[in-house]
Number of protein chains: 2
Amino acid sequence: MSNYSPLNLLVRKLNNHVALDDEDKAALIALPHVVRELSPASYIVREGEAPPGCAILLDGFAYRQKLAADGGRQILSVQIPGDPLDLEHLFLDCADHNVQALTQVRLAIIPRAALRSVSMQRPTIAHAFAVNNQVEASITREWLLNVGRRDARTRLAHLLCEVATRLQGQDLVNDYGYELPMTQEQLADATALTNVHVNRTLKSLENEGLIRRDRRAIRFPNWQALKAAAGFDPRYLHLGQQAAAAPG
Amino acid sequence: MSNYSPLNLLVRKLNNHVALDDEDKAALIALPHVVRELSPASYIVREGEAPPGCAILLDGFAYRQKLAADGGRQILSVQIPGDPLDLEHLFLDCADHNVQALTQVRLAIIPRAALRSVSMQRPTIAHAFAVNNQVEASITREWLLNVGRRDARTRLAHLLCEVATRLQGQDLVNDYGYELPMTQEQLADATALTNVHVNRTLKSLENEGLIRRDRRAIRFPNWQALKAAAGFDPRYLHLGQQAAAAPG
DNA sequence: CGCCTATTTGATAGCCGTCAACCGGAGTGG
DNA sequence: CCACTCCGGTTGACGGCTATCAAATAGGCG
């Protein structure tokens, strides 16, 4: 089974948290879908819309985003390959935030009806979707703590640690370094700083030897020290645990 | 049916978002549970724990909370009567944040196994739980925007608007005013400010005529103006919509 | 009345934002 | 092959919002 399909990536992602059996995997891979490619900054979901399908990020990076009345933008999360981008629309009709492509992206778009029906027929899959949503919620809570209660240095370091750790879970990191395709302005929107201050803070982290940069590639010469500086504790990512009992 | 039970409050809350039929309601009310009373500041869930049951807030207020390495505390949400406090443990084994009583509280505690089994047998109930979780996630995202991209005045005003609106949904507001049982220090932890600055900001909102205060009771002499000052748009609360199709 | 906690107020300091200019690499067109 | 352009990154000067520190006031409760 599991001939090549773009949805293998989704299977792998869900399987990180919940043990799927072969039938579950086959059911996921059999989901109807179209693959679409979008250029950087394209909107994948717009606040207020009711998207007809849910998008899975196959390749590239994306982010969730929301705007304040005065035009200020807050990036709410960074999504990496394998991440479902709007699974919440299994449950809500109306998008409450925007999802935008960070780089060139490839998406698999699955009709909501098909997702609903597979999650009705296979409780473990429904459970895996719910777990995925809860892990995202946990990450958002950590971001709230990050923006609310950490200074610029700690905040940026924490973001770098999180992305590195999540990418490693998908085997997208080379010897403790990775390409972070975000401009400093986007980093600022994610950390609630300004691009200028992000620049200064990155340089200071670099001077301290906590990170090394070459264009947008980031390396971690001293991962332990960076984690310590960030106060980074990966438990909120809920890795490792192959979730609880599946329902039932 | 629906003889008096503390769980009627849960039924009502879930029914705000998803239309439950009589059998769903009966199944919810039939859930085994114990009622427990806790004093202010008691921990209801501790980060790292695996609670054996899920708590429903029957009476009083509670909040979610997380600590940074340096001791800074970020309040992640305010929970009002009717709110499930840790439905996420239907899906995750390990708590990623703390839940604490704000006032004297009365809880109904339902064993996780019973919740799982009812959500297996009644897809609409499972759907309602998931919708509830997603609405909470949406609120957290709005808080991230609030803390990240609004100044102190707007931020506090937004929090007041949100709590007022949610309380109104549960008919807990008297002629546009309510008792907000939070100290200014707790307001500070929710808005990522300091108690001193919360104090000054509240006074300034009061001087502008946007709020009136009498001890911890808050009134809104000019609700529209407050909403405007806060940039408050209640769509993120996902009220009004009786969710989508129930699954299936 | 006395203690404790919460609120209020003032003075001072600092982190980070704002504004503005300059630099530097990548792509484009001549 | 080199100017031109553009976007993003870098740097400096300055200002402001909010934190910090400290002390006084006010309420609640024994």
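Just so it is clear: chains get the letters A, B, ... in the order the sequence lines come, proteins before strands, and each one is counted from 1. This structure is a prediction, so every number in the text was calculated from the model and none was measured.
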Rounded to whole angstroms, how far apart are CG on B:Asp151 and C1' on D:dG16? 12 Å
Let me know the distance between CG of B:Asp189 and P of D:dA19, rounded to the nearest Å. 11 Å
Nearest whole angstrom, please: distance from the C1' of D:dC7 to the CE of A:Met182. 17 Å
Atom-pair distance (NE2 on A:His197; C1' on D:dG16), nearest Å: 14 Å
Check whether any side-chain N or O of A:Lys203 sits under 4.0 Å from OP1 or OP2 of D:dG9, and answer yes or no. no
For B:Asn195 and B:Gln184, test the side chains for any donor-to-acceptor distance below 3.5 angstrom and give the result as yes or no. no
For the residue pair A:Gln104 and A:Leu38, establish whether any side-chain heavy-atom pair is separated by less than 4.5 Å. no
Rounded to whole Å, CD of A:Glu206 lies from P of D:dG9 at a distance of 13 Å
Would you tell me if any nitrogen or oxygen in the side chain of B:Asn199 comes within less than 4.0 Å of OP1 or OP2 on C:dT7? no
For a quick test of reading the model: is some side-chain N or O of A:Arg216 closer than 4.0 Å to OP1 or OP2 of D:dG8? no
Between B:Arg213 and C:dT8, is there a contact of a side-chain N or O with OP1 or OP2 at under 4.0 Å? yes
Report the distance from atom CG of A:Leu193 to atom P of C:dT18, rounded to the nearest whole Å. 11 Å
Starting at CZ of A:Arg153 and ending at P of C:dG14, how long is that distance when rounded to a whole Å? 18 Å
A:Thr154 side chain to A:Arg150 main-chain N or O, any donor-acceptor pair under 3.5 Å? no
